[in-house]
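In what follows, chains are A, B, ... by sequence order, proteins preceding strands, each numbered from 1. This structure is a prediction, so every number in the text was calculated from the model and none was measured.
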Number of protein chains: 2
Amino acid sequence: MSKRFDEVIPVPRESTKGQRADSGGRRARIRGVPRATIEDVAREAEVAPSTVSLAFNEPERVRPDTRERVLAAARKLRYRPSAIARRLVTRRADMLAVVVPDTRNPFFGKVFQGIDTEARRAGLDVMLFTTENDPGLERQRLEAAVRNRADGIILVGEHRQGPDPAAELLAEMVATGVQVVLVERQVERLPSVWGRKREGCRKAVEHLIGLGHRKIAFVGGLLAQGGSYQRLAGYREAMEAHGLQVRPEWVAEGGFHPAGGREATARLLALDPGLTAFVAANDLMALGVLRALREAGRRVPEDASVVGFDDIPEAAFVVPSLTTVDMPMERLGRRAMELMVRGLEGEVLDGVDEGLPTELRVRESTGPAPGDTVAGAMGGQ
Amino acid sequence: MSKRFDEVIPVPRESTKGQRADSGGRRARIRGVPRATIEDVAREAEVAPSTVSLAFNEPERVRPDTRERVLAAARKLRYRPSAIARRLVTRRADMLAVVVPDTRNPFFGKVFQGIDTEARRAGLDVMLFTTENDPGLERQRLEAAVRNRADGIILVGEHRQGPDPAAELLAEMVATGVQVVLVERQVERLPSVWGRKREGCRKAVEHLIGLGHRKIAFVGGLLAQGGSYQRLAGYREAMEAHGLQVRPEWVAEGGFHPAGGREATARLLALDPGLTAFVAANDLMALGVLRALREAGRRVPEDASVVGFDDIPEAAFVVPSLTTVDMPMERLGRRAMELMVRGLEGEVLDGVDEGLPTELRVRESTGPAPGDTVAGAMGGQ
DNA sequence: AGGAGTTGTCGAAACGTTTCGATGAGGTGA
DNA sequence: TCACCTCATCGAAACGTTTCGACAACTCCT
């Protein structure tokens with residue numbers, strides 16, 4: 001019966017000019033004792049397969065002694081029901097796909113942790129895909145999610161400006177009943193959870209202004225990687241609200257990592273050595289800012305102030321500890337997952353668009369502007 | 001036909017004292033136009049379903065015009081083959097499970113990135129499970145992997161001392177043909193990839209000894225979370241090789257995060273204020289060490305030296321930048337995945353046990369021991 | 001013109017579950 | 001004792017693919 005698989009015919013397949021990326025050449029599957037199936041258990045327990053199924057899924061519907069017999073047989077044969085077969089017939093995967101740009105960034109790691117915690121509680125398994133910030137890859141990964149017939153998909157992370165390249169595909173998925181939830185991303189009509197970055201950044205800038213700073217730079221992320229428009233907008237708002245002009249040479253962009261922050265800051269300082277404060281798009285970049293300042297011979301916070309974004313665990317521990325805007329990362333993940341579960345239960349999530357609050361955490365990296373003795377009185381939101 | 005799913009009977013299920021964790025209550029599946037199946041495509045293209053299958057999987061075996069017709073039909077109907085059904089019949093999932101302790105730790109994030117990169121290239125999808133360092137949870141997650149009939153499983157991260165709690169389950173998986181690859185973990189006979197932590201730690205300590213330090217502390221991870229035995233062993237080796245006594249009060253443990261490092265260091269300083277150097281089990285902890293030292297009024301590197309472990313991206317950017325041991329995290333992931341692919345192709349990986357080299361990166365956080373003017377001449381491996 | 005290969009397509013069985021309607025054994029009330 | 005109901009179990013169909021052997025239509029040779 002399983003004869004066919006004992007010796008795999010390695011299919012000629014010589015002309016491997018096949019450009020079908022998802023075919024992925026056949027592999028051998030040689031060794032391995034076959035797994036027990038529901039039929040094996042049924043035979044062992046002397047009942048019908050359907051009874052075995054009942055014993056597992058609706059135990060109250062089978063007589064206690066039968067159930068015990070079935071369970072014993074299952075244990076004896078080390079039976080583990082095949083989620084594959086079950087999926088096929090129930091048309092439910094009990095599985096979702098999570099798509100993130102990059103697992104190296106602690107931000108996504110924490111969001112994922114939140115997702116995973118809730119998923120576990122809901123009994124859902126999770127496939128994880130990374131996109132490397134590449135829209136083409138992102139598309140492929142979304143396709144993979146639908147191939148796998150995931151019940152739902154959580155898409156994390158901003159995209160470059162302009163119409164969302166995934167919008168059409170997402171719409172198709174929704175049409176076929178896949179539940180979609182967005183994190184830190186917005187697409188018309190799709191449920192979304194995000195941190196109030198604009199507000200957070202405004203608070204950060206107002207904090208700096210309150211400390212007497214006037215020449216405040218914004219160190220943003222790469223436009224191609226989602227930029228940091230909301231944060232930039234918050235920066236602008238706060239500056240303008242206080243009658244401060246935003247000079248183009250006060251805004252720089254760099255990769256969302258320490259090196260990016262450092263290089264951007266070096267450029268900024270070259271353009272205007274008079275800058276006294278820096279707002280970075282995330283904490284990793286802020287570390288780069290700190291380093292660039294040190295290399296320029298500026299002390300923090302005496303000569304210059306720095307604010308980060310996210311409040312990663314490291315932020316409180318670097319020296320000087322980082323004033324930063326707390327993004328509720330794990331909560332974003334948990335909340336997204338809660339919505340997902342509600343959506344899967346049939347609730348319509350059409351208008352849902354939740355901005356979770358952000359909080360300014362003042363630490364050592366910000367202080368009064370140099371030469372300014374009247375620190376104070378302007379902060380607050 | 002799909003009538004059955006239009007209105008889901010919410011199954012009484014009142015006696016939910018069922019301890020079967022994996023049953024996860026039924027959910028509604030209401031909306032959603034049905035997906036096109038291979039039969040729909042066959043009908044549209046006026047061929048048999050088996051021909052559609054051929055057209056996709058062995059295109060050279062169907063006539064070009066037929067193939068074109070099939071592809072056109074598929075495109076028109078937005079057909080996406082069901083990976084589920086395919087899995088059932090081929091008995092291959094083209095999918096693996098990756099099990100990590102915690103995605104918040106950048107270490108695992110980078111390892112995963114390596115895994116994912118290679119997996120994509122091999123056309124494999126990946127399920128990710130986290131264990132929170134809990135052996136019970138780990139077991140559950142492994143069970144989930146076999147339920148899902150993953151082709152292989154990559155298990156990342158150390159376990160507490162003593163016999164590996166997962167060994168038995170892993171052996172069963174191997175017996176049924178699941179390919180297992182371990183990262184930073186060793187179980188008899190299972191292929192494993194790891195960084196040479198002992199050697200790395202020895203280099204770190206020798207570097208410190210070379211700088212004149214004699215009272216060197218080891219700030220290790222929590223025993224319950226895998227401890228850091230290899231690193232501790234390297235520390236011991238180096239100390240003893242240089243005739244330095246290892247005092248019990250020079251070794252402390254804490255959680256693998258900044259706070260853990262800080263608290264452990266505070267304890268160490270209380271026990272022996274004479275310590276001049278600290279080796280931490282990872283960079284996150286090292287940040288905590290730095291902070292604890294600062295809080296104790298010690299300057300780094302003038303009064304005390306600190307070495308971290310891993311070389312996370314932040315390490316080069318904090319102030320002072322961290323001397324640390326580079327763990328080839330992404331490479332660990334990539335290598336594990338390469339082994340996995342070879343294993344899936346039928347190669348026997350029985351004796352494989354690869355220790356990838358680690359490298360000491362000397363930066364600003366280490367310097368000559370206070371009061372020692374003869375820095376030098378003893379470093380090296 | 002007839003037989004032997006070759007090529008392209010097809011039908012049916014199989015993969016391992018769940019679910020629905022059917023069946024039969026006991027229990028109950030008249 | 002008979003009709004009726006309930007309860008536990010069963011058999012068969014279905015889920016959406018792949019694969020194997022069968023088969024017809026061509027091509028090629030003699």
Side-chain angles (χ1 to χ4, degrees), chain A residues 1-5 8-9 11 23 26 29 34-43 45-70 74 77 79-94 146-149, chain B residues 1-5 7-9 11 22-23 26 29 34-43 45-70 74 77 79-94 146-149:
Chain A
M1 183 184 271
S2 70
K3 187 65 163 298
R4 238 175 37 238
F5 293 95
V8 170
I9 298 93
V11 182
S23 86
R26 298 288 159 269
R29 167 58 64 89
R35 278 219 150 282
T37 72
I38 201 170
E39 301 224 36
D40 299 328
V41 178
R43 207 171 308 121
E46 300 182 298
V47 296
S50 47
T51 304
V52 176
S53 178
L54 280 185
F56 275 98
N57 300 314
E58 294 171 76
E60 68 279 5
R61 285 191 48 195
V62 311
R63 246 182 16 224
D65 59 322
T66 326
R67 188 192 320 156
E68 206 31 73
R69 207 145 29 93
V70 169
L77 300 179
Y79 169 66
R80 331 264 170 155
S82 161
I84 308 278
R86 159 192 270 257
R87 271 172 200 147
L88 188 57
V89 53
T90 62
R91 286 123 143 283
R92 302 187 55 253
D94 280 323
V146 353
R147 263 207 326 270
N148 281 289
R149 298 293 189 266
Chain B
M1 179 184 273
S2 70
K3 186 66 161 297
R4 238 173 41 233
F5 293 94
E7 190 123 34
V8 169
I9 298 91
V11 181
D22 63 1
S23 84
R26 299 286 161 269
R29 168 57 65 87
R35 278 219 150 283
T37 73
I38 202 171
E39 301 225 36
D40 299 328
V41 178
R43 206 171 307 121
E46 299 180 299
V47 296
S50 47
T51 304
V52 176
S53 177
L54 278 184
F56 273 98
N57 299 314
E58 294 172 77
E60 67 280 5
R61 284 189 50 195
V62 312
R63 248 183 14 226
D65 59 323
T66 325
R67 188 192 320 156
E68 206 32 72
R69 210 147 26 94
V70 170
L77 300 180
Y79 169 65
R80 330 265 172 156
S82 160
I84 309 277
R86 160 193 269 257
R87 271 171 201 147
L88 187 58
V89 53
T90 61
R91 287 125 143 275
R92 302 186 55 253
D94 281 323
V146 354
R147 263 208 326 270
N148 281 287
R149 297 295 189 265

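Protein atom CZ of A:Arg86 is 10 Å distant from nucleotide atom P of C:dT17, rounded to whole Å. Rounded to an integer number of Å, the gap from B:Arg149 CZ to C:dG16 C1' is 9 Å. Rounded to an integer number of Å, the gap from A:Ile84 CD1 to D:dT17 P is 14 Å. Atoms CG (B:Leu88) and C1' (D:dT19) sit 14 Å apart, rounded to a whole Å. Regarding A:Glu68, its CD atom lies at a distance of 18 Å from the C1' atom of D:dT9, rounded to whole Å. For B:Arg61 and C:dT6, the CZ to P distance is 15 Å, given to the nearest whole Å. Going from atom CD1 of B:Ile38 over to atom P of D:dC15 covers 14 Å, rounded to whole Å. Look at CG on A:Asp40: it is 10 Å from C1' on C:dG16, rounded to the nearest Å.
No donor-acceptor pair closer than 3.5 Å links the side chain of A:Asn57 to the backbone N or O of A:Leu54. Here the side chain of A:Arg67 pairs no donor or acceptor atom with the backbone of A:Ala55 at under 3.5 angstrom. Between the A:Arg69 side chain and the A:Ala45 main chain, a donor and an acceptor come within less than 3.5 Å of each other. Remark: the backbone N or O of B:Val146 is paired with a side-chain donor or acceptor of B:Arg149 at under 3.5 angstrom.
Between A:Asn148 and A:Arg87, the side chains place no donor N or O within less than 3.5 Å of an acceptor N or O (distance only, hydrogens not considered).
Judged as a salt bridge (charged side-chain N to carboxylate O under 4.0 Å, His left out), and not counting sequence neighbours, B:Glu39 has no contacts.
The stretch residues 47-54 of chain A comes close to DNA chain C through A:Ser50, A:Ser53, each having a heavy atom under 4.0 Å from the strand.
Among D:dG16, D:dT17, C:dT17, the nucleotide with an atom closest to any side-chain atom of B:Tyr79 is D:dT17. Comparing C:dG8, D:dT9, C:dT17 by their closest approach to the side chain of A:Pro81 singles out C:dT17.
Contact annotation: A:Arg91 reaches the phosphate of D:dG16 (side-chain N/O to OP1 or OP2, under 4.0 Å).
In this structure the side chain of B:Val47 reaches within 4.5 angstrom of the side chain of B:Thr66, judged on heavy atoms.
Closest heavy-atom contact between B:Ala42 and B:Pro49: CB-N, 3.6 Å.
Expressed to the nearest 0.5 Å, how far CD1 of B:Ile38 lies from CZ of B:Arg86 amounts to 10.0 Å.
The C1' atoms of five pairs define one axis at each end of the helix from C:dA1-D:dT30 to C:dA30-D:dT1, and these two axes lie 50° apart (to 10°).
Where B:Glu46 and A:Ser82 meet DNA chain C, the nucleotide closest to each residue was compared, and B:Glu46 sits on the side nearer the 5' end.
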